[in-house]
Every structure is written in C-alpha cells, then in structure tokens.
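Note on naming: letters A, B, ... go to the chains in the order of the sequence lines (proteins, then strands), and numbering restarts at 1 for each one.
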There are 2 protein chains.
Amino acid sequence: MDKSDTRQRIIEAARRIFLQKGMAGTRMQEIADAAGINKAMLHYYFRSKEQLFKLVFAEAVKEIFPKVEKALAGDLPIREKLLAFVRAYISQIREHPFVPLFVIHELSNRPTEFFMEPEKSGAPQKMLQKLMQEIIHAQQRGEIPDYPPQHLWVNILALSIFPFIARPLIQQLLQMDDKAFERFLEERTAQVARFLDQALRIA
Amino acid sequence: MDKSDTRQRIIEAARRIFLQKGMAGTRMQEIADAAGINKAMLHYYFRSKEQLFKLVFAEAVKEIFPKVEKALAGDLPIREKLLAFVRAYISQIREHPFVPLFVIHELSNRPTEFFMEPEKSGAPQKMLQKLMQEIIHAQQRGEIPDYPPQHLWVNILALSIFPFIARPLIQQLLQMDDKAFERFLEERTAQVARFLDQALRIA
DNA sequence: ATTTGGTTTAACCATTTGGTTAATTACGGT
DNA sequence: ACCGTAATTAACCAAATGGTTAAACCAAAT
C-alpha cells in the first residue's frame, strides 16, 4: 500500500462517520473498522480523536464556506449576483449535503473554540461586509426593496441551506419518500431563485 | 420535598442538557449533578438513559409541532394565514430556541425510529395537506404566485426556523455579538413577514 | 413505638472507550 | 543479504460510563 493511502482512508472513513454521527456519537473503533485498519493506526497518524476531528471539521468548513466567495466576487448587478450565489451555493451544498448540519451542530456546543478566527479564514466576513455595502447602495438607487441587509442575507442562506439541514423533518411533514425528496431538490434551485427574484422586485 | 419534585427536577435538568449536547454528548452523571441528586435516582424514576431521552425528545417535538396547527386552523385568506403562521411560529420558537436543532440532529441519526407515526401525531400532516390544497386554490384564483406549494411551505419554514438553528454560524459570519443577535431576532418576525409578503405579490 | 412503603444514597459492577506499548512486518537503500 | 526506518498489529490499560444493589432514610399509618 502507498504511504499516504492508509492516512487517506482514515480521513475518508472519519469524515463519513463524523459527519453522520458527530464528534460525541463517533467511536474510534468504528472509524478503524470503516477504514479497514487497526485502531492503533488512528493514533499513529493522528494523535487523538480530537485532532482527527478537528481536521475533518476544518475540511468540512472549507467545503461550505470559501465557495461563498467566488459567486460574490464578480461585479454583476446586485440582483443577478444574489441569484448567481443561490445557484452556486445550492449546487455546492448538494455535493456535501451533510456538512451544514454537521458544522452547525458541532459549532453549537463549542462556541467559537476552534472556529475560524477572523484572521485565519477572515475572507468570508470581509466579502460579506462588502456585499452588505453593495446591497445598501443598490437599495439607495432603488434597485431592490430596502430589507435590512443582514436579514436579506440570512433569508438567502436559509432558503438555500434549510432543506439539507431539515431533510428528515421535511420528508416526514410533507410525506415524501427519498425519491420524492430527490425530485424536490432538483427543482429547488429554480424555485428558490424565483422566490427570491420575486421578493426582490421593487414594490 | 414533594413526591414529584425530584422527578420534575430530573426532567428539567435532562431537558436542558439533552437539548444542548444531544443524546450522545450527554452523561447521566451530568444530569444528576444538574438536578442536584444521586445518579441512581435517574434510573429509579426512568429506567434508562434511552427512556429519559425519549421523554425529553417527545416533549420537545410537541413544543415545536402541534402549535403549527392553531395558526393554520382558521379560515383567513391564504396570504393572511401564512403571515399569521410566520408570526405565531417564530414567537413559538423564540421560547424554545434550542429545540429545532436538537430535534433535527437527533432525527438525522435515528431515521424514523421513534418519530411521530402518522397516526399518533398525524394531525400536522393532515393539516398540511389541507394547507397545500388551500394554496393551490388561491393560486388558481390568482391570489398568489404559483410556487409549488411544497417549496412555498419549505421557504416559510426555512425563513422562520433557520436563524435559530444556525445562530453560531450567523453570528460568526455577520460579526454579531449576543446583543446584536438578540436585536436581530426582535426584528426578525417583521422582516420575514415583509419578505414573504413581497414574494407573495402577484407579478 | 413499630411497621410499611416509597425515596435516596454510597458503593459497586461490567462494558465501553480513548489511548498506549511492545513486538512484528514490510521495504527501500546499501 | 542486511540494516534501519516506517507501518501495522495484538494485547493491554486506565478512565469513563450506563446501570445495579443493598442498605439507610423518612414520613405516614397502625
């Protein structure tokens, strides 16, 4: 076996299980089994459960955060920019459907402990600050309604992320089987875009 | 001490800790400490951790689900009804801010195991089916845009619930301290209502 | 005062769990 | 072939954890 092969398999197994069961719900033995290796290897490559978890968590955050930036970078008119973001972001999350709930859940216990310090991955925050300004300017020019930018932003995030976080709840409430929910997700991008577009019309 | 006093204190302590740390992250000892009693009392009143958890979980579900019904029961015009729901629901969640994330997280591991079978608490599902019909009819009369009802409903839920689920993420991204977030929540009802109202305007 | 019933506690138990160790194996360079 | 280093494993360990037990406590009924 390649040198890094084992290491990589551990990471992948750990990722799968941590994402599904969270830090507290995950057993090192289970990761080892899933990776098809001895439990001691986990500690050989990563000192502790905590360290392995931090690595997985950090990668998960990367998958769901920095991508925010790209869609917000260009200088499209605000309305198009927001719609472009929705499309890019939903597509991004669809590739990592379990990440948002995982990150949020872990984040909710460990207040800010090992979370992105504004310096380290401060890009999103600054990018958002800039976006808030753009929104305000667009509103001053009367291009979109004057929702408080923070609320508008949370609305957009909510519409995009919520179905992935609340999947079991939604399926239960709306009586969708897995197939139906997949269809629902396929329509989702277009429907969120339409809903948002309508909400952004000037009165 | 009253007879049921201890029992009640256990439930309250268990609720607090389960809600915060989830089933897997909670230690029986911690519940006992929080309730100021001996660990054995937990097993005296509730057979096992699982049983205590189920009780807490069931109560949590009740706090966040059946209330849905009331706001949807009357026969207001669809637009007013949806807005009324948003107000009622956000207010309801504000009183139990940790419940949604807790329920969703626990639900995501235990697919449907001990979740509401359609018969037991089937009221929400039927109520929703009825609402879907009302929406369709209103759309046929041209009162609101023809968003697929399921998407419209998920949108409403998302706008209402998401800030409570994603609080740490939002605070981090938008650089809000606790005070700022409280203010944000106070504005939230009105802002969601306005956003939704705008999205429901006929083109 | 004694009994009786539920309540409470300290001590205990078996299993699980994260982590370690010492020995074994695989292998590239000489 | 041999050496040295990294990779891998089985066995082990101490602490934590859910759960049990037997004895003590306490209040009301007799």
Options [options], nucleotide nearest the side-chain atoms of [X]:
X     : options                : answer
A:Y45 : C:dT20, C:dG19, D:dA7  : D:dA7
B:Y44 : C:dT8, C:dT17, C:dT9   : C:dT8
B:I37 : C:dT8, D:dT8, C:dT9    : C:dT9
B:R27 : D:dT20, D:dT17, C:dT8  : D:dT17
A:K49 : C:dG18, C:dA10, D:dG18 : C:dG18
A:M28 : C:dA10, C:dT7, C:dG19  : C:dG19
A:N38 : D:dG18, C:dA10, D:dT9  : D:dT9

Answer yes or no: is there an ion pair linking B:R27 with B:D33, defined by an N-O contact shorter than 4.0 Å?
no
How close or far is atom [atom2] of [N] from atom [atom1] of [X], stated in whole angstroms?
X     : N      : atom1 : atom2 : result
A:I10 : C:dG18 : CD1   : P     : 15 Å
A:Q29 : C:dT15 : CD    : C1'   : 14 Å
A:M41 : D:dA6  : CE    : P     : 13 Å
B:Q51 : D:dG19 : CD    : C1'   : 13 Å

Assert yes or no for the condition that the ring centre distance of [X] to [Y] is strictly below 6.0 Å.
X      : Y      : answer
B:H96  : B:F164 : no
B:F18  : B:F53  : yes
A:F102 : A:F98  : no
B:F85  : B:W153 : yes

Donor-acceptor pair under 3.5 Å: do we get one between A:K39's side chain and the base of C:dG19?
yes
Taking only side-chain N and O atoms of A:H43, does any of them lie within less than 4.0 angstrom of OP1 or OP2 on C:dG19?
yes
Should A:T6 be listed as having a side-chain N or O under 4.0 Å from OP1 or OP2 of D:dT8?
yes
